[in-house]
Amino acid sequence: MTIENKSIGIALSGGGYRATLFGLGSLWRLNEVGLLGRLDRITSVSGGSILAGVLASNWKKLEFSEGRAGNFRELVAEPVQEFCDKTIDVGAGLKGMLIPFKTAGDFLSDRYAKELFGHAMLRDLPDAGKGEGPKFIFYATNMQTGRSFRFRQDMVADYVLGISRTVEVSLADVVAASSAFPPIFSPIVLETDPGAWESPARDLPNLARLRSRIVLADGGVYDNMGLESLVDNVDIVLVSDAGAPFEIDESPFEDNLLQLGRVRDILIDQTRALRKRWLISDLEAGRKRGAYWGIGTGIDDYHAPGALTSDNTVTAGLEGIPTRLCRFEPEVRGRLINWGYALTDAALRTRARLEPGPATIWPLPDYRLN
């Protein structure tokens, strides 16, 4: 494959379990062609952060040979599928409403800790500076500054607040903050020492207060694809996008309060659409090298020889799966994984110019899409 000494990064979008499973299919194919171990940067939002968290927490145990982890299925694919067999949003949401002094986001974090991450801390992830693995960037949104809030192995950062290299935060809290979609699961509150920060964008009179108690929500509120810290930091940009399509609403709420949810959805969708158009424009013009594939992308549009499937009613229906952290039937889980896998295969070979051989077998043959 023509990657020479190029740096490579992938963005794993938000979209609940739909995005977690679609992104898993994407990583599955990257691993098979020897690119998983070559990644320099992995950004993630919301449902994509669940997947990235599992990958990051197991990275040191992955057995790589020529960029391919032989135990990927055991350490990443199977735990992710097992977790997505559980409904966690209803329980966490109800507890947040009924139990005082603890938010639904806190209960969401508890569930991530119990099921996936235990007591792992952000600083426990592989040290990218020492070549132990890629930089993992988990996105949340700072509800106070209106900027993205980034968690990385070696720091947390916000454009207004600056950078802190000493803040201690659990991996469960990181993923919960990234997936704390308002109004149900937000906020996740992070309390830090104001003196542990440096390099703010400007010296605000209330900067110390903003740094001491940070109110976070789902990263998708600001950037549902996690592109901001990716596109200008790697040579080859890969984007796995399972964000839901924007739905037309014939009868939106007209109540002054209830209509705010629709307004929020419109604002988020327009921001996402602008970022997507900007990225694809750069890719098509050759200003950036890489590939974008989305859950609503037509695989026939890639004109990839030997593609695993063609567009059909089954593939068209996958983008309509609800944005939930709830159990999907095995058939739905399998189809989402296979669809992410098939689109990644086509995109790598036709758009990213990475030239792997075509895939010949589905990762989950019982749920093939043709």
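The figures here come from the full heavy-atom set of this structure, side chains too, leaving out hydrogens, waters and symmetry mates.
A salt bridge links D110 with K102: at least one charged nitrogen is closer than 4.0 Å to a carboxylate oxygen. In this structure, D223 pairs ionically with R275, as a charged nitrogen and a carboxylate oxygen lie closer than 4.0 Å.
Aromatic ring centres of W339 and Y367: separated by at least 6.0 Å.
Side-chain polar atoms of R150 and S148 form a donor-acceptor pair below 3.5 angstrom. A donor and an acceptor atom, one from each side chain of T87 and R324, are nowhere located under 3.5 Å apart. In this model, a donor atom of one side chain and an acceptor atom of the other lie less than 3.5 Å apart for Y139 and S229. In this model, no donor atom of one side chain and acceptor atom of the other lie less than 3.5 Å apart for R368 and T309. Inspection of the S109 and D173 side chains reveals an N or O donor paired with an N or O acceptor under 3.5 Å. With hydrogens and angles left out, the side-chain atoms of D106 and T103 include a donor and acceptor closer than 3.5 Å.
Using cut-offs of 30° and 60° for the angle between ring planes, the F328 and Y17 rings count as perpendicular. Taking the six-membered ring where the residue is Trp, W59 and F64 present tilted rings, their angle falling between 30° and 60°.
Between L369 and N338, the shortest heavy-atom distance links the atoms CD1-C, 4.0 Å. L24 and V76 make their closest contact through CD1-CG1, 4.2 Å (heavy atoms, listed as atom of the first residue, atom of the second, distance).
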Please report, to 0.1 Å, the donor-acceptor pairs under 3.5 Å made by any side chain of residues 26-39, with sequence neighbours excluded.
unit_1: S26; atom_1: OG; unit_2: F22; atom_2: O; d: 3.4
unit_1: S26; atom_1: OG; unit_2: S240; atom_2: OG; d: 2.9
unit_1: S26; atom_1: OG; unit_2: W293; atom_2: NE1; d: 2.9
unit_1: S26; atom_1: OG; unit_2: T344; atom_2: OG1; d: 3.0
unit_1: R29; atom_1: NE; unit_2: D345; atom_2: OD1; d: 3.2
unit_1: R29; atom_1: NH1; unit_2: E32; atom_2: OE1; d: 3.1
unit_1: R29; atom_1: NH2; unit_2: D345; atom_2: OD1; d: 3.1
unit_1: R29; atom_1: NH2; unit_2: G357; atom_2: O; d: 2.7
unit_1: N31; atom_1: OD1; unit_2: A69; atom_2: N; d: 2.7
unit_1: N31; atom_1: ND2; unit_2: A69; atom_2: O; d: 3.1
unit_1: E32; atom_1: OE1; unit_2: Y341; atom_2: OH; d: 2.4
unit_1: E32; atom_1: OE2; unit_2: Y341; atom_2: OH; d: 3.4

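Dense packing is recorded around NZ of K288, with more than 12 heavy atoms of other residues, nucleotides or ligands lying under 6.0 Å away.
To the nearest 0.5 angstrom, C84 atom SG is 6.5 Å from I50 atom CD1.
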Quick one, D158 with R147, criterion salt bridge (Lys or Arg N to Asp or Glu O under 4.0 Å). Give me CA distance, side-chain angles, the key distance, then yes/no. CA-CA 7 Å; D158 176 291; R147 300 293 191 271; over 6 Å; no
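In terms of hydrophobic clustering, with Ile, Leu, Val, Met, Phe, Trp and Tyr side chains grouped at heavy-atom distances under 4.5 Å, L204 and L161 are assigned to a common cluster.
Within the structure, salt bridge (Lys or Arg N to Asp or Glu O under 4.0 Å) contacts touching residues 55-64 (residues at least two apart or in different chains) do not occur.
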